[in-house]
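Structure first, then comments.
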Amino acid sequence: MAVHDWETPSTDYRVDSAVLHDSLAKAREGDVRIHRLEHTPHTKLWSYPRWAELSSSVTALLSRLAEEYEQVLFVGVDVPYSLVREHCENSLPPHKLEKITFALSFHTSALVAGQTWLPGREALERDYVRRANEDASTFITTLTPFFDRKIELDYGARDEAWMRLGHGIAPRSANLTPYPREKAVEIAGSFGIPRGVPIVVHFGRDHPMKRIPFAIEAVARVGRPLHFVLIASTPANAEGIADAPHADQLKQELDSYTYLTHFERELPKALAQLPETVAFLLSAAGEPMGQIPQEVACWTDSAAPVVVAPEDGGYGDQISDAETGFTFDVHSVASCTRAIERAMKATLNERKAISVKMKNLVHENFDASTKLCRLLMSVESGEHGMPRRQAGAEAK
């Protein structure tokens with residue numbers, strides 16, 4: 001497991017100490033080797049210079065691994081690692097390079113609506129897809145049917161460029177196990193969440209593609225009393241203070257709400273266990289992946305909040321209307337409001353039935369451990385990587 005060194009300060013993300021501690025503990029228990037990738041302090045993760053630094057660090061790591069092992073599979077998570085293939089090609093000797101199979105898991109792209117423009121990013125992504133089309137050692141991992149189609153249409157990815165992986169979660173892990181009801185009530189109370197009134201939750205990072213103003217407007221139009229919980233994490237400034245860009249709109253349009261701007265998972269996990277929580281609202285347009293529906297399904301057992309999400313994007317690949325959630329027209333605030341009201345009007349048993357179907361779907365189709373095992377077996381069997389390259393050479 002190679003990750004950018006979390007102790008080196010960065011300017012565009014924060015580290016959650018509790019999550020980091022748990023992750024490192026799991027790595028030690030599983031005999032997972034952690035490699036820290038060096039980078040310059042106080043620079044942005046989402047910048048070309050940092051990507052080049054990380055790619056150089058990965059290349060040095062792959063060089064050492066190619067001395068230890070006969071076959072190495074590198075799977076880079078998102079575009080910061082799209083330069084690794086090129087760096088290895090330019091610096092590693094052929095006897096090491098031929099041992100390495102490269103794969104990149106795009107989690108978004110320069111052509112996803114709402115993305116911050118970065119110089120050269122689109123060209124970088126196009127070049128990687130071109131390599132995957134032409135080079136038998138370079139692949140793109142699948143993510144969701146929606147986003148895979150987008151990569152095919154936008155960048156011309158061919159069938160042979162893909163390595164099947166997909167996205168998912170670890171549904172049996174401790175951080176996805178539901179809280180006992182008593183603890184959930186205690187956590188919600190510590191945040192001042194009122195009881196006895198329907199609760200609608202929206203959580204995640206604050207980004208233009210998440211369309212939080214759209215969500216606030218849709219909730220404000222609901223014709224029944226409710227409490228809206230908005231958790232929208234924003235980067236902190238040098239003093240550790242995060243902006244609250246939606247405070248004015250919330251104050252103007254809603255009577256009852258809770259607004260948090262820091263990364264917070266305890267509260268939504270607790271709210272998933274409260275009977276008052278009727279819906280988790282997702283409002284992003286063109287979301288490539290979307291794992292919140294899966295997490296919510298795992299966080300609940302006795303309560304029954306349902307997911308309200310757009311019909312398109314990665315949400316559309318997993319939410320079926322009135323089956324695993326309630327959907328709405330991504331372009332219509334009124335449609336979103338109607339979907340929220342449907343969730344509020346549904347009986348507890350109706351919401352439980354939807355929640356159970358979503359949880360079953362998670363275990364059947366979104367178990368990350370199963371997906372990774374299948375990927376490694378396919379590489380070992382020669383479906384991808386070095387054996388395939390040898391077969392191609394023999395054919396030529």
Side-chain angles (χ1 to χ4, degrees), residues 1-6 8 10 12-13 23 27 32-39 43-66 69 71-92 96-112 115 118 120-144 147-148 150-151 155 157 161-168 288-289 291 368 371-372 374-376 378-379 384-386 389:
M1 181 72 71
V3 295
H4 51 280
D5 191 342
W6 54 85
T8 302
S10 188
D12 60 349
Y13 69 86
S23 298
V32 176
R33 295 162 62 183
I34 301 291
H35 302 271
R36 299 192 189 193
L37 304 177
E38 296 179 357
H39 57 87
T43 58
K44 289 186 175 182
L45 173 62
W46 284 91
S47 63
Y48 190 93
R50 172 74 74 84
W51 300 349
E53 281 189 321
L54 293 175
S55 295
S56 294
S57 296
V58 172
T59 299
L61 171 62
L62 292 177
S63 178
R64 296 196 300 272
L65 293 175
Y69 301 97
Q71 189 171 9
V72 178
L73 170 64
F74 169 75
V75 182
V77 178
D78 219 347
V79 68
Y81 297 96
S82 57
L83 288 166
V84 171
R85 178 68 179 86
E86 179 182 344
H87 278 233
C88 287
E89 188 176 278
N90 292 336
S91 60
L92 296 188
K96 288 186 176 181
L97 189 62
E98 67 182 9
K99 293 182 178 183
I100 306 171
T101 298
F102 300 88
L104 185 66
S105 179
F106 283 109
H107 282 197
T108 183
S109 81
L111 300 183
V112 170
Q115 290 298 301
L118 292 174
R121 176 179 173 180
E122 181 183 341
L124 192 66
E125 294 173 351
R126 287 189 183 279
D127 184 63
Y128 185 88
V129 173
R130 178 191 61 78
R131 286 174 178 271
N133 284 337
E134 299 173 355
D135 178 19
S137 68
T138 306
F139 297 90
I140 311 160
T141 66
T142 56
L143 188 70
T144 62
F147 191 61
D148 297 346
K150 183 167 181 59
I151 294 294
Y155 292 151
W162 294 98
M163 181 180 282
R164 186 164 299 281
L165 178 59
H167 75 105
M289 185 167 53
Q291 290 183 324
K371 289 174 179 284
L372 182 58
R374 288 174 179 166
L375 171 67
L376 297 177
S378 72
V379 173
H384 306 291
M386 187 163 56
R389 296 201 297 274

Worksheet, complete the sentence: What one should report as the nearest heavy-atom pair of Tyr81 and Val77 is CD1-O, 3.5 Å
Fill in: Ser63 side chain vs Thr59 backbone, donor-acceptor pair below 3.5 Å
no
Discussion item. Contact between Asp127 and Arg130 at the side-chain level, heavy atoms closer than 4.5 Å - yes or no?
Written reply: yes
Discussion item. Side chains of Thr138 and Arg131 only: does a donor on one sit below 3.5 Å from an acceptor on the other?
Written reply: no
Worksheet entry | Distance, nearest 0.5 Å, that separates CZ of Arg50 from OG1 of Thr43 | 3.5 Å
Worksheet entry | Non-hydrogen side-chain atoms of Arg85 and Leu97 separated by less than 4.5 Å | yes
Worksheet item: Is a donor on one side and an acceptor on the other found under 3.5 Å between the side chain of Asp148 and the backbone of Thr142?
Response: no
Fill in: Non-hydrogen side-chain atoms of Trp162 and Ile151 separated by less than 4.5 Å
yes
Worksheet entry | Heavy-atom closest pair, residues Ser55 and Pro80 | OG-O, 3.9 Å
Worksheet item: Side chains of Tyr155 and Ile140: closer than 4.5 Å at any heavy-atom pair?
Response: no
Worksheet item: Would you say Glu38 has more than 12 foreign heavy atoms packed within less than 6.0 Å of its CD?
Response: no
Practice prompt. Would you give the length of the straight line joining atom NE2 of His167 to atom OG1 of Thr144, rounded to the nearest 0.5 angstrom?
Written response: 5.5 Å
Worksheet entry | Residue pair Val79 / Trp46, side-chain heavy-atom distance below 4.5 Å | yes
Worksheet item: So do Arg36 and Trp6 actually touch side chain to side chain, heavy atoms under 4.5 Å?
Response: yes
Worksheet item: From Met163 CE over to Ser105 OG, what is the distance, rounded to the nearest 0.5 angstrom?
Response: 11.0 Å
Discussion item. Determine whether Val112 and Phe147 satisfy the following criterion, side-chain contact (heavy atoms from CB on, under 4.5 Å), listing intermediate values before the conclusion.
Written reply: CA-CA 9 Å; Val112 170; Phe147 191 61; 3.8 Å; yes
Discussion item. Taking Leu104's backbone N and O only, do any of them form a donor-acceptor pair with Tyr128's side chain (distance below 3.5 Å, no angle check)?
Written reply: yes
Worksheet item: Hey, what do you get for OG (Ser109) to CG (Leu124), rounding to the nearest 0.5 Å?
Response: 12.0 Å
Discussion item. Return the CG to CD1 distance between Asp5 and Ile34, rounded to the nearest 0.5 Å.
Written reply: 11.5 Å
Worksheet, complete the sentence: Heavy-atom closest pair (Lys371 atom, Leu165 atom, distance to 0.1 Å) is CD-O, 3.3 Å
Worksheet item: Gln71 side chain to Ile100 main-chain N or O, any donor-acceptor pair under 3.5 Å?
Response: no
Worksheet item: For atom CZ of Arg164, is the number of surrounding heavy atoms from other residues, nucleotides or ligands below 6.0 Å larger than 12?
Response: no
Worksheet item: Does the Lys96 side chain pair with the main chain of Cys88, one donor and one acceptor, at a distance under 3.5 Å?
Response: no
Fill in: Atom pair CG (Leu62) and NE2 (His35), whose distance is rounded to the nearest 0.5 Å
9.5 Å
Practice prompt. Determine whether His39 and Leu45 make a side-chain contact, defined as any pair of heavy atoms from C-beta on separated by less than 4.5 Å.
Written response: no
Discussion item. Is there a side-chain contact (heavy atoms from CB on, under 4.5 Å) between Val129 and Arg126? Walk through the geometry before answering.
Written reply: CA-CA 5 Å; Val129 173; Arg126 287 189 183 279; 5.9 Å; no
Worksheet item: Do Pro288 and Phe106 come within less than 4.5 Å of each other through their side chains, counting heavy atoms only?
Response: no
